[in-house]
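Let me begin by presenting the structure, written as structure tokens, before commenting on it.
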Amino acid sequence: MKNIGLFFGSDTGNTENVANKIAAHLGLEAQDIAGNSSDIFDDYDFLILGTPTANYGEMQPDWDYFVPELEDADLNGKTVALFGLGDQVDYPDSFLDAMGDLAELIEQAGGQLVGAWSTEGYDFNDSRAVKDGQFVGLALDEDRQPELTDSRISTWLTQLGLAQ
Ligand SMILES: Cc1cc2nc3c(=O)[nH]c(=O)nc-3n(C[C@H](O)[C@H](O)[C@H](O)COP(=O)(O)O)c2cc1C
């Protein structure tokens, strides 16, 4: 059994709600990244990290504050799956950008990313979260497609081999 740590940052609660849904699937507690240092990852070999994109392509402030911790972190040997929240209608040119930025930091720290997700079913112009034609993690839009969130979570967890 993998030892899974689930962390999120959230401004208005959407990412926290989604993190709690994923946590309920997995039978664990979602933890707020706010105020933590990188040693919180030490106990886990599988990390699930969730972030919204804030302020036209920026990282959510708690994740932004955590960036120096990530730059110092050693994630070698850890598997990391990301989920991102955004709004493809109001922010089509920076849809889910912060998930892409987080992915880059994770890879620089030696983490192995899993959980890439198809871009089919989304309508946007540009996203730093797209790499090799796929999102680097689960793409969720609670503003425009909230009705798809539950099924997307289930499908993604199945793809990750984490469905119970
Ligand atoms: C001022 C502002 C700027 C935003 N900028 C972006 C953006 O650049 N790209 C994007 O995909 N979503 C953007 N969003 C949408 C949020 O990411 C989305 O509403 C998300 O669900 C918020 O998650 P939270 O409640 O966990 O903070 C923005 C929202 C606000 C209010």
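Counting starts at 1 for both ligands and their atoms, following the listed order. Every value quoted in this text rests on a predicted model; they were computed, and no experiment measured them.
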Option of least heavy-atom distance to atom 12 (N) of ligand 1 (set: V89, D143, N14, D87): D87

Shortest heavy-atom approach to atom 17 (O) of ligand 1 - which of D93, T53, L96: T53

Ligand 1 atoms in contact with G13 (distance to a heavy atom under 4.0 Å): 24 (P), 25 (O), 26 (O)

Side chains of Q60 and D62, donor plus acceptor under 3.5 Å: yes

Donor on one side chain, acceptor on other, Q145 and Q88, under 3.5 Å: yes

Is there at least one pair of N or O atoms, one from [X] and one from ligand 1, spaced under 3.5 Å apart?
X: E16; answer: no
X: G57; answer: yes
X: P52; answer: no

In the protein, what heavy atom is nearest to [atom], and what distance, to one decimal place, separates them?
atom: atom 3 (C) of ligand 1; result: N55 N, 3.0 Å
atom: atom 5 (N) of ligand 1; result: Y56 N, 3.1 Å
atom: atom 4 (C) of ligand 1; result: Y91 CZ, 3.2 Å
atom: atom 25 (O) of ligand 1; result: T12 OG1, 2.4 Å
atom: atom 9 (N) of ligand 1; result: S94 O, 2.9 Å
atom: atom 27 (O) of ligand 1; result: D11 N, 2.8 Å

Side chain, backbone, both or neither: the part of A54 lying under 4.0 Å from ligand 1 by heavy atom: backbone

Aromatic ring pairing F95/F124, orientation class (parallel under 30°, perpendicular over 60°, tilted between): tilted

Looking only at heavy atoms, what is the nearest atom pair of N36 and E69, with distance? O-CG, 4.2 Å

Assess whether salt bridge (charged side-chain N to carboxylate O under 4.0 Å, His left out) is satisfied between K131 and E107, documenting all intermediate values. CA-CA 13 Å; K131 206 174 155 189; E107 287 191 315; 2.9 Å; yes

Are the aromatic ring centres of F66 and F41 under 6.0 angstrom apart? yes

As a quick check of understanding, evaluate salt bridge (charged side-chain N to carboxylate O under 4.0 Å, His left out) for D45 and K2, giving each step before the final call. CA-CA 7 Å; D45 44 45; K2 297 180 181 97; over 6 Å; no

Take atom CG in D93; do more than 12 heavy atoms of anything else shown fall under 6.0 Å from it? yes

